[in-house]
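Beneath this line is the structure, given in structure tokens, with notes to follow.
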Amino acid sequence: MSTRWYPLYQRGNPQLRVFLPNFWMKLVRPFPSQQPNIIQFQCSMEMTKYDIKNYLEKIYNVPVVDVRTKISLGKFKKDVGKGYVIKDDDQKLAFVTLPKTMKFEFPDLFSTKTDEEQEREKSLEEAKKSYKKYIEQNKNRPDIPSWFSI
Amino acid sequence: MNLSFVRSAFKITTALTKRSQNVFRLSGVAVNRKDIHTTSKVDDLMEFFDSKKNWAETNIRVGRAWKLDELRIKSNTDLHKLWYILLKERNMLYTMQLECEQKVRLFPNPERIDKVQESMNNIETVVRERNVAYYKLETGETGERPVEDVINLIGLPEKYEKKEYFLPKFINTRWIKPYIEHGYTNSCAILKFRKFYNEKIHREEKKARNRDFNHVQHLFKRFPDLDIEKVKAEYPKVDVEKARQTKKARGHYFPKF
């Protein structure tokens with residue numbers, strides 16, 4: 001298809017326009033911690049700095065001042081049983097600088113607890129309480145079964 | 001933002017365009033904004049995350065992927081818009097998945113990614129169909145990327161997808177180098193590789209031939225009243241008459257001659 005088959009660059013207009021870009025970007029927690037106006041992405045290996053800038057500006061309407069990229073090497077590790085070497089995939093990381101006035105803080109997605117979790121905690125606490133009560137009751141009368149009570 | 005939401009939003013936008021067109025064509029009456037419901041457009045980095053109510057959810061139900069037939073009746077602009085919606089959706093899902101991984105939590109309903117991907121593939125198929133139809137009508141060719149059968153550097157047949165080059169073949173000395181008389185394709189290593197490769201293929205063929213011949217012999221041994229025509233049709237490469245006469249084909253009964 002023509003949108004997946006890039007012709008050679010030639011000077012002058014009209015330039016190549018991408019109609020259905022297939023690039024992906026993941027917003028990741030910045031590591032190491034950065035200035036508040038710098039955000040970090042993982043993106044498709046084929047993306048250039050210009051691609052990243054256009055992608056954010058045109059699709060997400062986010063103003064971009066500067067883009068720096070690096071390709072981080074995947075980790076090497078040995079298979080535990082067999083001992084052969086496994087390598088993780090390389091990743092392209094993009095550090096995008098927003099204008100000075102903008103700030104972005106990576107949200108804490110899993111801080112709020114669901115109703116189920118809250119209920120579970122509640123029941124656990126109740127169980128703890130009742131057990132403590134039982135212990136308290138039977139402190140001064142060892143060797144007497146628990147059902148022997150008023 | 002989940003898939004069903006996306007679908008409804010998309011349907012609303014198409015409905016919106018049609019309705020507003022009608023209004024403008026018929027009369028200059030102002031559109032009553034109250035009866036058109038659109039979701040507010042969010043252009044922000046928060047689009048990389050799911051809507052806040054889904055953050056702590058463990059089970060997020062969504063609709064199915066877009067089918068080919070549904071996409072075929074959409075206009076090009078609609079497909080274009082939908083592509084970007086799906087692209088954003090996929091980015092969001094990837095981001096959430098990664099964050100879940102790093103926080104050691106289960107990513108709820110990972111099949112959402114597959115659904116979005118399937119929809120995107122279907123859009124691409126539809127666009128491609130239209131492209132081919134247009135090119136065939138205008139030029140008589142498909143407009144697809146041309147493919148050529150070539151012999152590659154190690155002497156094996158390959159389907160080569162053509163692409164543009166700065167230099168034509170006959171100027172490109174670097175390209176021609178491996179193919180000249182003392183080049184890489186005629187080098188000792190490649191010739192040796194091809195020799196062994198051909199030998200391997202030949203052996204496999206020979207083994208298959210022997211296997212079939214043996215099998216036919218044993219068939220005759222076990223089933224004396226076999227239909228010869230059918231055996232010939234089943235094993236066209238085997239000399240059935242010869243296989244029938246051999247020692248192995250004789251069973252524990254008097255041969256019928």
Side-chain angles (χ1 to χ4, degrees), chain A residues 1-10 16-31 36-44 47 52 55-64 88 91 93 96 98 102-118 120, chain B residues 41-50 52-59 76 79-80 82-88 90-105 113 117 120-121 123-125 127-132 134-135 142-146 161-166:
Chain A
M1 195 170 71
S2 50
T3 49
R4 294 277 170 274
W5 177 27
Y6 295 99
L8 283 182
Y9 170 77
Q10 284 178 0
L16 174 69
R17 275 165 181 80
V18 184
F19 287 105
L20 304 176
N22 207 9
F23 296 135
W24 54 262
M25 286 181 92
K26 297 178 194 175
L27 186 55
V28 297
R29 206 175 274 278
F31 181 81
N37 65 333
I38 292 180
I39 45 177
Q40 189 177 337
F41 289 96
Q42 270 182 31
C43 53
S44 307
M47 282 177 105
I52 291 165
Y55 196 92
L56 288 174
E57 280 180 349
K58 299 279 160 59
I59 301 178
Y60 283 94
N61 270 353
V62 174
V64 174
D88 292 342
Q91 289 165 347
L93 298 180
V96 175
L98 304 173
M102 279 181 75
K103 273 182 188 175
F104 180 76
E105 198 181 344
F106 200 92
D108 196 2
L109 298 178
F110 309 118
S111 60
T112 55
K113 282 168 187 162
T114 55
D115 298 343
E116 251 180 60
E117 280 176 332
Q118 281 173 354
R120 218 179 295 146
Chain B
K41 203 178 151 201
V42 190
D43 286 321
D44 198 5
L45 284 168
M46 288 315 282
E47 270 185 297
F48 279 98
F49 302 101
D50 211 342
K52 212 161 188 175
K53 65 174 195 280
N54 284 340
W55 283 4
E57 265 328 284
T58 50
N59 189 10
N76 282 340
L79 289 184
H80 196 233
L82 182 59
W83 177 269
Y84 282 97
I85 291 170
L86 290 168
L87 194 75
K88 281 182 177 180
R90 197 178 62 172
N91 281 347
M92 183 276 284
L93 291 171
Y94 280 164
T95 304
M96 297 300 282
Q97 194 184 28
L98 191 74
E99 184 59 16
C100 282
E101 248 173 51
Q102 285 179 352
K103 293 283 172 189
V104 201
R105 284 177 71 113
I113 295 178
Q117 189 61 53
M120 288 174 88
N121 291 346
I123 288 183
E124 211 164 294
T125 314
V127 172
R128 196 173 185 150
E129 275 172 8
R130 288 181 189 177
N131 207 28
V132 168
Y134 173 79
Y135 266 87
T142 54
E144 294 282 291
R145 189 169 177 175
E161 288 187 325
K162 287 187 172 181
K163 59 183 177 190
E164 290 186 347
Y165 288 96
F166 284 112

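Numbers restart at 1 for each chain; the letters A, B, ... are given by sequence-line order, proteins then strands.
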At a heavy-atom separation under 4.5 Å, does Phe23(A) approach chain B through its side chain, its backbone, both, or neither?
backbone
Is the Phe49(B) ring parallel, tilted or perpendicular to the Trp55(B) ring (thresholds 30°, 60°)?
perpendicular
Is the shortest heavy-atom distance from the side chain of Asn91(B) to the side chain of Trp24(A) under 4.5 Å?
yes
Arg128(B) with Glu144(B): basic N within carboxylate O range, under 4.0 Å
yes
Measure distances from Tyr84(B) to the heavy atoms of chain A and classify the residue's part below 4.5 Å as side chain, backbone, both or neither.
side chain
Count the heavy atoms of every other residue, nucleotide or ligand shown that sit under 6.0 Å from CD of Glu164(B), and state whether that count exceeds 12.
yes
Residue Glu57(B) versus chain A: region with a heavy atom under 4.5 Å
backbone
What part of Phe104(A) lies closer than 4.5 angstrom to a heavy atom of chain B: side chain, backbone, both or neither?
side chain
Heavy-atom cut-off 4.5 Å, strictly under: side chain, backbone, both or neither for Tyr165(B) against chain A?
backbone
Would you say Tyr9(A) has more than 12 foreign heavy atoms packed within less than 6.0 Å of its OH?
yes
